[in-house]
> 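I have a structure here, written as structure tokens, and I will follow up with some questions on it.
Just the heavy atoms: all of them, side chains too, but no hydrogens, waters or symmetry mates, feed the values below. Sequence lines set the chain letters: A, B, ... in the order given, protein chains first and strands last, and positions in each chain run from 1.
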Amino acid sequence: MGFGPFLLLAVMEGLVSAAVLALTAVGLSLVFGVMRVVNVAHGAFFMLGALVAWFVAGHVAGPPVWGWLAALVVAPLVVGALAALVDISVLKRLNYEPEAVIVATIGVLYILEQAALMSFGPDARPVAAPFTLRLQLPWFGYSGYKLFVVVAACAVLAGVWLLMARTRFGLLMRATQVDRNTARAFGINVDRVYAGTFALGAALAAVAAVLVVPISQVHYLMGADPLLLAFITVIIGGLGSLRGTLVAALVIGLSDGVISMFWSPTLSKIIATLLVALVLVFRPQGLFGAKA
Amino acid sequence: MKVWLFHLAVLVALAVLALILPAYHANNLARILMLAVFATGYNLAFGYTGMLSLGHALFFAAGMYGAALPVSLWGLGALPGLALGLLAGGAVAAAVGLLALRTAGVSFMIVTLMFAQAGYLTVIYFNQTTGGDQGIVLSGAGRMLAGLDMTQDGPRLMVALGLYAAGLLAALALVQSRFGRVMLAMRENEERSRMLGYDPFRVKLAVLAISGLYAGVAGAGYALLFGYAGAGFAGVQYSILPMLYSLMGGAGTVLGPLIGAGAMFYLIDIASGLTTAYLMGVGIALVVLVLFAPRGILGWVRERVLPWLP
Amino acid sequence: MITTKKTGLAPSRRSVLMGAGAGLLAGAGLIRPVWAQAAPLKLGFQLHATGIGAGYGRWYQRTADAAVKLINEGGGIAGRPVELVYEDDGTDPKRGAEVVDKLVSQHGCDLVLGTLFSHVVMGSAPRAGELKVPYLVCSEGYHVASGALNRWTLQPGITDVRSQISSMAPWVAGNIGKKVTMVYPDYAFGYDHRDFFTAAIQAQGGEVLAQIAIPPTETSFTRYFPQIPPETEVIYHVMVGPGVLTFVKELGEFYGTGAKPQLFGFIDSLEAVDTATPGLEFLEGSHFWEAHPRVKPADAGEHEAAYRAAVGVDDNGASTGDAADVATYSHMFSTWETLFFIKQAIEAAGYTGPADRQKLVEAMEAISDLPYGIERPQGAKTFNGKTHQAFGVQNISKIEGGKLVKVHTTTIEEGLYPDAVDYTTMAF
Amino acid sequence: MAAVILEAQGVARAFGGLRAVDGVDFALQAGEIHALIGPNGAGKTTFVSLLSGRIAPDAGAIRLAGQDITRLPAHLRVRRGIAYTFQITSIYPRLTVFDNVALAAQSRGVRDLQAAIAAALARVGMGDLAGQEAATLSYGHQRLLELAMGLALQPRVLILDEPTQGLAAGEIAAFTALVRSLVPETTVLMIEHNMEVVMSLAHRITVLNFGRVLAHGTPEEIRANPAVQAAYLGTGDAAA
């Protein structure tokens, strides 16, 4: 394959990676931005969303698109509700102290993973894509659904941006983000905003899972890698910056894709990892974080 | 004085335990002690100095391979191997610190995490030498440590106890020293400390390197005592484990990491006998702990019973 | 829901057994009076119940339970009933060593068996050697026969990868192509393939054009496919873990309907996966190595049906209760065969308890011929006492209509290679 | 005239478009109490931050006893004798009073830590509070602790950023007496809004406005300076 087509493929793959990263990171970024806590269980919520998608898709008759659409509705609701429960019963009682939240959400991660192992089993299961479309280019073929994921990621990000910028709940979240105590003094029910934000973050993880699972599989340990990558994306982007998260996803996804053209897979990963680390070393506040 | 007597008494108690425990638990004790060395060093950086690193697996692995490779490839003796592992852990930690300490907080977490991830992949990449994920087994001959046979349970436990005792006493001396007070100062208020004439970068770099020495000797010890080195020990969970041990036992307490390592070990050991989903037990325990004893087991004791504990 | 023998409750379970045993004595005692006196033989099983190997572990347990049931129905081992004690190692080498300890020191097992993943074997074998306990792995890794381990570690129930590959290569070169690109995971089990297939195909006058090692953290593969040289005739693929389906699907999307190389894969990629799963259509017509054909071949041996019935597997290699629950058929027989190997060795050694462990290993090393029978449903084997490794026949199957159809069986001789170690000269 | 101990020449620092400090020349004389006053946003805190090294200047030079320290990092300036106490109380809340002061004293390599701490605490009248956790102190005591930490450094120049802010009237009187007792061993530079304190304590005053020096001189000269009255004292009631 010539260099041109190879580069094209690398860029397409990079874009898909970026879309997946952005999708998994946006919920984490939201929670991080508004509540200033690291939700280690974010990957587990992602996994749970995929699991619900698998379950729903298996129980809806007709072409795969119906099952997939049903999952797109059901998974965020189920996962979001569970997250709200976690927030109210655990995180709130920890007063959102950063270290305590890390430990507690590691605990939640284990609980959810093991619950999945017990109910779902250890095997990987596929979920059918809502449509099958294969693009045949002169040099290689490509999955149409993967490109759809890129479009969907843009839509989800735009939706989150609209929510933050244009809705009352978005306003409440932004107010709470600036100063929890002032928000409370202004009569905002901070507890409810936090529970809502945490649930929304988890629901976004579930949406990401429903979108991503047709190009991977459901597995009870599937949450670990997305969590790490999403976490990295959020930090590189700059704390809680939606724009930063998007740009970081593009930088990481594309660099990962293009770097993999030149070296063996493992060496590419090493180089890409170090590169991203160095971005932070020389720009510790992230790409779009405020200085100091 | 009281503090030193107390910790010496703990070491004596451990030695007595080592003598009377049945074989299985005696061996567990050896493992727990080595993990506790690792976590004690981690806690110096995390609990005392406030550096939340997710890169300690790299320092542990540096020590592990720093000892295991020369021993298995060139027939180096176990004792120099142990020393090499110690230095490798410290050197890698210092090198990572030089870059990573330009950042703080969550960025520091991520940068250390990514360096460790790159380290893990590097171990995989050089699998012809390191054995990659499958790892390498050390022969019995390579595990003769200063005349003590590490394939024998008794000497092994003795060495583990010796290493832990050295690590504990060094940590105790450190946190009780003037420098130990500066470590706390970094954790509590870095800007104030700078305006008292301390260079946060150098203090933190020194602590990270010391912490790396602990991780290095623990990794080297783990390889030599138990005869195996593998890429799994360089994985991200080996950065998270010492943090969990510290938090569970009590971050910022000298004995906490030992208590945490022991509690976690037996939590898994006992729960795995009851259910396949034993990690769920771990999960529940973590949530309960953080809800009801947020300062960890020893932190709880210090608040209520022994306020003078370092 | 996974059901595991709750080893932590073993004492209470034992007491229950004793109570029940007393009640049954009247009936059972008439048939097998010897059971009344004999203490059970306790065999420790290191099980991948959680972690990345959990999909395999479930079937290993099921097969081992079935074998023990059969052994006990036949009068046990040396007249003693057999009891399996399972401990989960989380598919982790560190925990693996601890589990060996626990099974031997805590549960008092006579020996330990059952480990699949190579890194767990490597992590655990030193401890077995220290405890001087026979450690019988079911891993197919080339770690036992390479000499990396010790006198106490043996692999009597499954052929190692080096041998499997050596016996495959002539067929691959002769029937599908000589210019090969390898895609394999960048860890343990991938390296054996990399090293030995490359050598084996060269011996056949073929060559490996590219070796693409996929790092274990990777979940997407398309970006590496352009590294497959266009003149490639055969893509040799071996992947494990949850990423396998993605790999195949993406390969299918990449090549599509256009010209494409032949595919040859190791079934490890698709163990516990239904070959008719949507997305795997691309595999139609491609070939796989199988140790033990998942779909019962027309010419299957006389004991095949009985073995399948005992484990609860239908003729398609799925659970009899659930056609979607596909077995890890090409690996799990190893636990069965290992248990019968243990029976043979214990009875030959006159083993009565832990003091006889050395005698037991010597008896194992003395075994060489392992003929076909219900004890060895996968096929006859020879056991090399010096290298502690068993060698058996291998099979090649083709996917036709979404089903694996056996097309070729190798001989044991094709898989033999010079000894790399003589464990019998090593100290215990 | 006494020797100049700390000197700034044309120092400037901008944040974005805002010139917070815009070419300030300044000289602190050994042994004096010098007050820095000016309206809010005049650049006072930025200026002392430049002196103490917390922020780097865009231009200009800073000299301590004749030696150029413009590029010296903050912690080394502290070692050379410039101590800084924060505008917003900045202590180690979870450490004891003893440890708080010890951190200051050991920074200059004191042999007898106990004695140095006891002396510093006695000076601020907190000798009996050494074992208490700093977070549990009253606000007034926390400010005094901060001062004790500054004293324990035995600095040549002690920079106090609004030390009396939030103190009760009685506490201010004690504080004034304490600061007066520090000179001439130590030189004191203080930012202060309380004009009563300024006029009674300061030997000399520098007035900043919009990042520039508006005036400097003795309290009497400043009181009489029409430019200062216009720009800062305005109606003149601030002195009341």
Side-chain angles (χ1 to χ4, degrees), chain B residues 21-28 30-32 34-35 72 117 120-125 127-128 131-140 143 149-153 156 222-223 225-233 235-238 241 265 268-280, chain C residues 1-4 6-10 47 49-51 54 57 86-99 101-107 117-127 129-131 141 143 148-150 185-192 194-195 213 215-217 427:
Chain B
L21 278 179
Y24 173 62
H25 297 288
N27 243 301
N28 289 347
R31 296 176 196 283
I32 290 167
M34 288 319 295
L35 295 174
S72 70
Q117 193 71 3
Y120 166 70
L121 289 169
T122 305
V123 173
I124 301 271
Y125 186 69
N127 59 74
Q128 305 273 27
D133 176 73
Q134 180 169 287
I136 46 177
V137 169
L138 297 180
S139 70
R143 294 166 63 195
D149 185 355
M150 286 306 98
T151 66
Q152 301 297 317
D153 290 357
R156 169 170 35 215
Y222 212 93
L225 265 56
F226 302 104
Y228 171 76
F233 288 102
V236 63
Q237 68 271 33
Y238 281 88
L241 283 177
F265 187 98
I268 288 176
D269 196 63
I270 293 167
S272 77
L274 302 174
T275 165
T276 311
Y278 60 89
L279 282 175
M280 184 176 279
Chain C
M1 181 80 108
I2 293 175
T3 54
T4 310
K6 297 180 168 83
T7 47
L9 297 176
L47 185 71
T50 57
Y86 291 101
E87 277 287 347
D88 178 16
D89 59 25
T91 326
D92 173 59
K94 171 180 169 287
R95 183 64 191 157
E98 293 161 16
V99 159
D101 241 343
K102 191 171 185 182
L103 287 168
V104 175
S105 308
Q106 190 80 339
H107 296 296
F117 273 59
S118 302
H119 61 317
V120 185
V121 171
M122 295 286 276
S124 308
R127 187 58 191 149
E130 289 165 17
L131 290 167
H143 34 48
L149 302 174
N150 54 52
D186 201 352
Y187 56 86
F189 150 90
Y191 308 145
D192 287 343
R194 174 195 64 197
D195 297 341
T217 51

> Hey, are the side chains of B/F226 and C/E130 touching, using non-hydrogen atoms and a 4.5 Å cut-off?
no
> With the side chain counted from C-beta on, respond yes when B/Y222 and C/K94 share a heavy-atom pair under 4.5 Å apart, and no when they do not.
yes
> Could you tell me if the side chain of C/E98 sits less than 4.5 Å from the side chain of B/F265, heavy atoms only?
yes
> Within the structure provided, determine whether B/Y24 and C/H107 are in side-chain contact (heavy-atom separation under 4.5 Å).
no
> Would you give the length of the straight line joining atom CG of B/L121 to atom CG of C/D186, rounded to the nearest 0.5 angstrom?
8.5 Å
> Do C/K102 side-chain atoms and B/D269 backbone N/O form a donor-acceptor pair below 3.5 Å?
yes
> What is the distance from atom CE of C/M122 to atom CD1 of B/I136, rounded to the nearest 0.5 Å?
8.0 Å
> Strictly by modelled atom types, are C/Y191 and B/N127 linked by a side-chain donor-acceptor pair under 3.5 Å?
yes
> To the nearest 0.5 Å, what is the distance between CZ (C/R127) and CG (B/N27)?
4.0 Å
> Tell me, out of C/A97, C/P215, C/G141, who's got the most heavy-atom pairs with chain B below 4.5 Å.
C/A97
> If the condition is side chain to side chain donor-acceptor pair (under 3.5 Å), which residues does C/T50 pass it with, not counting sequence neighbours?
C/D88
> On a heavy-atom basis, which atom in C/P126 and which in B/G227 lie closest, and how many Å separate them?
CG-O, 3.7 Å
> Tell me, for B/Q152 versus chain C, whether the close heavy atoms (under 4.5 Å) come from the side chain, the backbone, both or neither.
neither
> So which of C/A213, C/S118, C/G123 has the biggest tally of heavy-atom pairs under 4.5 Å with chain B?
C/G123
> If you measure from OG on B/S272 to CG on C/L47, what distance do you get to the nearest 0.5 Å?
11.0 Å
> Under 4.5 Å heavy-atom distance to chain C, tell me which part of B/I124 shows up: side chain, backbone, both or neither.
both
> Calculate, to the nearest 0.5 Å, the distance between atoms CD and CG belonging to C/Q106 and B/N28 respectively.
8.0 Å
> Drop me the distance from B/R31's CZ to C/R95's CZ, to the nearest 0.5 angstrom.
9.0 Å
